[in-house]
Amino acid sequence: MDSEDVVFSTSWGGLIVMVSSISMFEFSVMGAVVHGKGVLDEYMGRKVLLLFSYPVRREVLFWVKIAVSGGFTAAITVAANLVAVLTVGLVSDIGLVMPEFFGIFEIIQGILYSLFVAVGVEAISLISLWFGFLRQSLTAGIIAALILAILITQVFAMNLVWNMGMLLLIAIVVVFGAGSFCSLERKIRNMEVV
């Protein structure tokens with residue numbers, strides 16, 4: 001066994017990263033679907049006529065849609081990841097599976113990873129929404145989320161020993177997510193009803 005495999009299978013850090021990687025993959029796809037149904041569907045087809053007839057600026061409506069769908073996705077991501085990490089810790093403490101007990105440090109680590117995962121999920125969802133808007137297809141957005149989630153969770157899971165790599169990865173994804181948000185906002189502001 002490699003030393004990395006030993007760290008992964010016998011330490012809480014490795015186990016929390018594994019659980020968080022699975023959560024990131026699952027909720028990235030869910031976030032793409034929620035953003036796609038809540039935002040992308042509204043700006044495609046005949047619904048756009050009704051949407052532009054509201055007495056509210058287009059950008060404000062877009063911000064609210066992103067905030068609601070993103071807030072929902074982030075809250076569910078944090079809650080589910082925390083429940084998964086705490087369940088693994090409780091079962092391990094009862095069954096004495098791990099050599100160390102699940103303590104306060106591991107709980108804090110689980111909370112931090114849950115927050116990082118939520119931020120990463122939201123950024124991946126925004127990037128996939130941009131792809132879906134570009135192709136005018138919800139399916140394209142979901143496929144983009146699958147591809148991004150696979151790549152990012154693999155890199156996330158490989159960084160078991162070096163936590164700064166995970167922070168760097170999340171920062172890069174957030175920058176691309178913010179760029180996608182700004183691009184979408186500009187496209188919606190300049191959109192014409194056909």
Side-chain angles (χ1 to χ4, degrees), residues 4-5 7-40 65-92 98 102 105-133 138-181 184:
E4 290 179 3
D5 290 339
V7 168
F8 179 71
S9 61
T10 61
S11 73
W12 281 113
L15 197 58
I16 291 172
V17 167
M18 181 185 71
V19 170
S20 297
S21 295
I22 293 169
S23 292
M24 181 178 268
F25 179 80
E26 294 168 351
F27 289 105
S28 293
V29 176
M30 187 195 94
V33 172
V34 169
H35 279 307
K37 292 303 279 182
V39 178
L40 188 61
K65 287 179 174 292
I66 291 293
V68 168
S69 57
F72 171 76
T73 304
I76 295 295
T77 301
V78 169
N81 197 47
L82 276 176
V83 166
V85 167
L86 293 175
T87 302
V88 167
L90 180 66
V91 168
S92 176
M98 297 291 279
F102 190 77
F105 177 74
E106 286 78 15
I107 292 172
I108 293 170
Q109 190 177 13
I111 291 169
L112 289 175
Y113 275 103
S114 296
L115 294 173
F116 289 144
V117 165
V119 169
V121 162
E122 186 56 30
I124 291 170
S125 298
L126 287 172
I127 295 168
S128 66
L129 179 64
W130 181 81
F131 276 108
F133 200 85
L138 179 61
T139 306
I142 294 171
I143 290 172
L146 280 169
I147 293 169
L148 286 169
I150 288 169
L151 293 173
I152 291 169
T153 54
Q154 287 299 313
V155 174
F156 194 77
M158 287 189 313
N159 286 308
L160 292 175
V161 182
W162 190 53
N163 289 334
M164 291 305 291
M166 286 182 252
L167 292 175
L168 182 64
L169 176 68
I170 294 295
I172 291 170
V173 172
V174 166
V175 167
F176 280 107
S180 299
F181 177 81
L184 284 169

Supply the atom-to-atom distance Ile150 CD1 to Gln154 CD, rounded to the nearest 0.5 angstrom.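 One gets 8.0 Å once the value is rounded to the nearest 0.5 Å.
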
Roughly how far, to the nearest 0.5 Å, is the CH2 atom of Trp130 from the CZ atom of Phe181?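 Answer rounded to 0.5 Å: 15.5 Å.
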
Quick one: do Val85 and Tyr113 satisfy side chain to side chain contact (heavy atoms under 4.5 Å, CB included)? Show the steps, please. CA-CA 10 Å; Val85 167; Tyr113 275 103; over 6 Å; no

For [X] and [Y], which heavy atoms make the closest approach, and how far apart are they?
{"X": "Phe25", "Y": "Thr153", "answer": "N-CG2, 3.6 Å"}
{"X": "Ile124", "Y": "Ser28", "answer": "CD1-OG, 3.4 Å"}
{"X": "Met24", "Y": "Phe116", "answer": "CE-O, 4.4 Å"}
{"X": "Ser69", "Y": "Val39", "answer": "OG-CG2, 4.4 Å"}
{"X": "Val173", "Y": "Gly120", "answer": "CG1-O, 4.1 Å"}

Would you indicate whether Phe131, at its atom CZ, is surrounded by more than 12 heavy atoms from other residues, nucleotides or ligands within a distance under 6.0 Å?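 Atom CZ in Phe131 is not crowded, with 12 or fewer foreign heavy atoms closer than 6.0 Å.
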
Below 3.5 Å, can you tabulate the donor-acceptor pairs from side chains in residues 74-84 to any protein atom, sequence neighbours excluded?
{"unit_1": "Thr77", "atom_1": "OG1", "unit_2": "Thr73", "atom_2": "O", "d": "2.6"}
{"unit_1": "Asn81", "atom_1": "OD1", "unit_2": "Ser23", "atom_2": "OG", "d": "2.9"}
{"unit_1": "Asn81", "atom_1": "ND2", "unit_2": "Ser20", "atom_2": "OG", "d": "3.3"}
{"unit_1": "Asn81", "atom_1": "ND2", "unit_2": "Ser114", "atom_2": "OG", "d": "2.9"}

Test side chain to side chain contact (heavy atoms under 4.5 Å, CB included) applied to Ile66 and Leu126, step by step: CA-CA 9 Å; Ile66 291 293; Leu126 287 172; 3.8 Å; yes

Enumerate the residue pairs fulfilling side-chain hydrogen bond (donor to acceptor under 3.5 Å, both in side chains) with a member in residues 115-126, sequence neighbours excluded, ordered by first and then second residue.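 For residues 115-126: His35-Glu122.
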
Side chain proximity check, Val117 to Phe27, heavy atoms < 4.5 angstrom: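 No, too far: nothing below the 4.5 Å cut-off.
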
Side chains of residues 138-146: which donor-acceptor pairs under 3.5 Å do they make with residues two or more places apart or in other chains?
none

With Val175 via side chain to side chain contact (heavy atoms under 4.5 Å, CB included) - residues at least two apart: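 With sequence neighbours excluded, Val175 shows a side chain to side chain contact (heavy atoms under 4.5 Å, CB included) to no residue whatsoever.
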
